[in-house]
Amino acid sequence: MSYDFKKIENYWQSYWAKNQTFAAENSSKLPKYYVLDMFPYPSGAGLHVGHPLGYIASDIVARYKRHKGFNVLHPQGYDSFGLPAEQYAIQTGQHPAITTETNINRYRQQLDQLGFSFDWSREIRTSDSTYYKWTQWIFIQLFNAWYDLSLNKARSITTLITLFSEQGNKNITAVCDENPPEFSAQEWNDFSEIEQQKILLQYRLAYLSDTEVNWCAELGTVLANDEIINGVSERGGHPVIRKKMKQWSMRISAYADRLLQGLEKIDWPEPLKEMQRNWIGKSVGASVVFNVTDYDATVEVFTTRPDTLFGVTFMTLAPEHELVSKITTQEQSAEVNAYVEQTSKRSERDRMTDVKSITGVFTGAYAIHPLTKQQIPIWIGDYVLAGYGTGAVMAVPCGDQRDYDFATHFNIPIVNIFKDADISKEAFTDKENSVIANSDFLNGLSYKEASQKVIASLEKIGAGKGTINYRLRDAVFSRQRYWGEPFPVYYKEGMPQMIDRAHLPILLPKVEKYLPTQEGAPPLGNSSQWGWDEQNNNVVSNDKIDHQTVFPLELNTMPGWAGSSWYFNRYMDAHNTEEFASQEALHYWKEVDLYLGGSEHATGHLLYSRFWQHFLYDMEQVPVEEYAKKLINQGMILGTSALAYRKRGTQTFLSKGLVQDHEVDPVHVDVSFVNSSDELDVEQLKKWQSQFAEASFELEEGVFRVGREVEKMSKSKYNVVNPDDICEQYGADTLRMYEMFLGPIEQAKPWNTAGISGVHSFLRKLWKLFHLNESFEISEEKPSRESLKTLHKTIKKVTEDIENFSFNTSVSSFMICVNELSAQQCNQRSILEPLTCLISPFAPHIAEELWKLLGHQESLSKTPYPVYEEHYLIESSKEYPISFNGKMRFTKKLPLSLSPKEIENEVLADDRTQQQLDGRTPKKVIVVPGKIVNIVG
RNA sequence: GCUCGAGUGGUGGAAUUGGUAGACACGUUGGACUUAAAAUCCAAUGAGCAGUAAUGUUCGUGCGGGUUCAAGUCCCGCCUCGAGUACCA
């Protein structure tokens, strides 16, 4: 009976499905463990071998924890709203729901064949109305909340309304839009309802405002900052411009500090935490107010170097700054207007790529230094960004390189305010090692002391204060797309109204076309059925909108990150129709114990989901503030592309060794045509694409060799390796173990099919331990002490490795174990039974099969994991390496029970030691018990 | 530019608090079995030098220093690669 992995894997996959082996209970006496994978977007291309890497690792942990006696929640679902299905719909007219359904079925089939222990009874899809009903509900909660800075948490908007009606907004510290109008309680109560709503909108956590957004004309939608890479859209690489639009936004900036603090409490990879810290971008400094001469205006700047205030010799405003048009003098206006015009035309991308050139223009206006009362010229320059801080800087050329370059370029004076600093060539930017000079009452002080003193004196005269500035912007929440969650919002007299939770979900309407309407409204505007009847509380036809009780619904949809920002809570109670999850379930499962996914979500999903969780925590909807205790970023599995070299301008391909000095163009060819020695099957290639059919091939040593390059797996590079093929040839257990064996889980690594046979033959060797002469046969006799040692050594190592997520070394340990047991001709039940269990997290199918052969009726998935016994591992003696002056010379077997002094004596008594010493007496003998003896002489 | 991470055989990668560097696997070479091949099993495999051989010996973890009886591991200075970020005041 040979190892028939196909039969075994089919049998057990259907067994698990039929018996619901991995369904988790929402209450149990066992301790809980929640292992989560970042759910996939079901793309049309299906899975390649890189995708399952994280799922395999999490599955190993899930199965291991079940053996260890935990009640394990290991769910899976689909992030099924998204752009590709929508674009397919635009091209073909096929509803995205159908595309999505097809893709999900394909994904499910591929996931099943890998033998994952997911609890599919809890599957969720973000595009299901039973799911997005609760995404809409959470949106309403965000709309009905404000952020109270005095309590440092979000609160219901009704508490704010009460405060307004009792005391106005003078003493309220809240995170809100810039400069809300001030009003008293009396004034508030006199406001019309519309006016009140307008004001409240400036405080809500989900709010509607005219915002400068990143508009991508090509995609016909706005994009969040994290969806833009190098000034172009992440998807498609289309240009992005700044544009003012009425948009929903999320006041994530309210949580900037708590999101930063929270990082300290969670066990996430340090690089990823660092990325979130940078993205939040906290900087501590001061805001300073400068009065403008001859105008009734002030310029507020933010600086991280208040200590350098006496070094200010000019100011720079962003070209977009609102004061620019106000304060520019007549003489300068032509020049300034031209400059503003010119910079506004430059795209974001130009501005970024062209960092080096210094441009700017003088406004003709002057500001007054708050302390020296000197006049300082106000310039504008595009090195100052409108979006950061106040859009204006106080320029200290001696202490900031950009200010220095600007000053040098325009011949603006530079004042040196640092003791012993040479600023003849560049600015002195080392704040930790600076001593202030030439600065009145700050002379001789350090950065820290001077900053404190300046802030104190600015506060005294009302010209500034200590401030903390964050780079994190509020997140735009509207998308002009079809395939996303509709907002539960309609408009009455231009003001947004929430639809009561009793009437959720608001379903996506049917539309004729998935493109924006002719009037430029989002695709939902194509629906004829899309208005809200306030009296009957339902969605009705658009035509009736001017009817008194029917109002227009919001036509935007939510962004991709809406549904993924809370899904981990939904798995806890996936079918609840009354709440997003019951409090019992939420309090039982609490948080994700282990979360696996790629680091590309660092500043997107992983930040937004933390924000929503913090908010839900404030509203007492969830029991924990941070939803994922530990996170692991699995590295990407890269493809090894194959390149054939075509002589430039010809139809001749050269084998790799013949390229040398020829001018060649590399052409990607399908990796499946190439064997492990880089030899290309030319006949197959010719049949593949017409461009190769007539081409000629120059061989070397009778074969055609290709070049290799490691890059991302992608269809267009023909380097995709399909897990289906590997499963067909070697089985899922081999694929699982091989992917783990390939290297550390966090590391990016190229796929290389060459080594897979080693793992496969390991599984065959394992099978053979149980099969003598082709039939199942094990011994009931007592195993040898040697075999017991091998087993317990392996248990110890593998247990530690899994706990440390070091799966590649566990696989090695298994290989050593099976090799040793084969050599010992071990086939005793008392060794093989625990070994089966040990291997089950990695290769579950073969483990289950062997377990069955051992005579067990039930699945082994909850069998207690074997525990190693120390006494099998303790050795009575050890080969000590004996070294002289650190250099190893020989080894000597010594009992471990000896004391260091006894070891020393034994070693010195040895002939070989004496031979090495050659009559000299050693200076010192260093004994590390159990490890090494070093003789220094 | 800044921040973070990583450099170990022909290849992927091991190496605990500093303690025999190269586990395990691939590949390569030789051998066994076979009419032959596949499959399987066994052995060798960092480089150099000496030796018929057992063996001995030198050099070896990106480069240059340092600490230490002992450094892949710790410290200082560089180089290269990767990731993130980019005029953030």
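Per chain, numbering begins at 1; letters A, B, ... match sequence-line order. Keep in mind that the numbers below use all heavy atoms, side chains included, and drop hydrogens, waters and symmetry copies. Keep in mind that what you see is a predicted model, and the values were worked out from it rather than measured.
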The nucleotide from B:G13, B:U85, B:A89 with an atom nearest the side chain of A:Arg471 is B:U85
OP1 or OP2 of [N] versus the side-chain N and O atoms of [X]: is any pair under 4.0 Å?
X        : N     : answer
A:Arg402 : B:G1  : no
A:Arg277 : B:U3  : no
A:Gln747 : B:G13 : yes

Euclidean distance, atom [atom1] of residue [X] to atom [atom2] of [N] [Å, nearest integer]:
X        : N     : atom1 : atom2 : answer
A:Leu309 : B:A89 : CG    : C1'   : 14 Å
A:Phe762 : B:A39 : CZ    : P     : 20 Å
A:Ile745 : B:G13 : CD1   : C1'   : 15 Å

Let me have a per-nucleotide readout for nucleotides 15-25 of chain B, 5' to 3', with B, S or -, counting only protein heavy atoms under 4.0 Å. --B-BB--BBS
Taking only residues two or more places apart in sequence, or in another chain, which ones meet A:Asp267 in a salt bridge (Lys or Arg N to Asp or Glu O under 4.0 Å)? A:Lys630
Taking any heavy-atom pair under 4.0 Å as a contact, classify A:Pro744: base, sugar-phosphate, or nothing. sugar-phosphate
Using heavy-atom distances to pick each residue's nearest nucleotide on RNA chain B, tell me which of A:Met394 and A:Asn752 is more 5'.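 Checking each residue's closest nucleotide, the 5'-ward one belongs to A:Asn752.
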Taking the nucleotide of RNA chain B with the nearest heavy atom to each, does A:Phe302 or A:Ile756 sit closer to the 5' end? A:Ile756
Output field dot_bracket for RNA chain B (Watson-Crick or G-U, both distances under 3.5 Å, | for other-strand pairs) contains (((((((..(((......[....)))((((((.......))))))(((((....)))))..(((((..]....))))))))))))....
Residues in side chain to side chain donor-acceptor pair (under 3.5 Å) with A:Glu300, at least two apart? A:Ser287
Rounded distance in Å between the [atom1] positions of [N] and [M]:
N     : M     : atom1 : answer
B:G72 : B:U67 : P     : 16 Å
B:A6  : B:U16 : P     : 14 Å
B:A23 : B:G10 : P     : 14 Å
B:C75 : B:G1  : P     : 24 Å
B:A36 : B:G31 : P     : 13 Å
B:G9  : B:G22 : C1'   : 7 Å
B:G27 : B:U17 : P     : 34 Å
B:U11 : B:U61 : P     : 15 Å

A:Glu803 CD: over 12 foreign heavy atoms closer than 6.0 Å: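 More than 12 heavy atoms, drawn from other residues, nucleotides or ligands, come within 6.0 Å of this atom.
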If the glycosidic angle is within 90 degrees of 0 it's syn, otherwise anti, so just tell me which one B:G9 is.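 Syn, which is what one calls it when the glycosidic angle falls within 90° of 0.
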Does one side chain, of A:Ser283 or A:Tyr388, offer a donor that lies under 3.5 Å from an acceptor on the other?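 A:Ser283 vs A:Tyr388: donor-acceptor pair found between side chains.
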Between A:Gln824 and A:Thr790, does any side-chain donor sit less than 3.5 Å from a side-chain acceptor? yes
What pairs of residues pass the salt bridge (charged side-chain N to carboxylate O under 4.0 Å, His left out) test when at least one of them lies in residues 752-769 of chain A, not counting sequence neighbours? none
Taking all heavy atoms of A:Ala450 and all of A:Ile436, pick out the closest pair and write down the distance.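 Answer, listing the atom of A:Ala450 first, then A:Ile436: CB-CG1, 3.9 Å.
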Just to verify, what does A:Tyr730 make a ring-ring contact (aromatic ring centres under 6.0 Å, His included) with, not counting sequence neighbours?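 Applying ring-ring contact (aromatic ring centres under 6.0 Å, His included) to A:Tyr730 gives A:His760.
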Checking A:Ser775 side chain against A:His771 main chain: does a donor-acceptor pair fall under 3.5 Å?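 Here the side-chain-to-backbone pair does not exist.
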Is a donor on one side and an acceptor on the other found under 3.5 Å between the side chain of A:Arg736 and the backbone of A:Phe842?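 Yes, the answer is positive, given that a donor and an acceptor are paired below the 3.5 Å cut-off.
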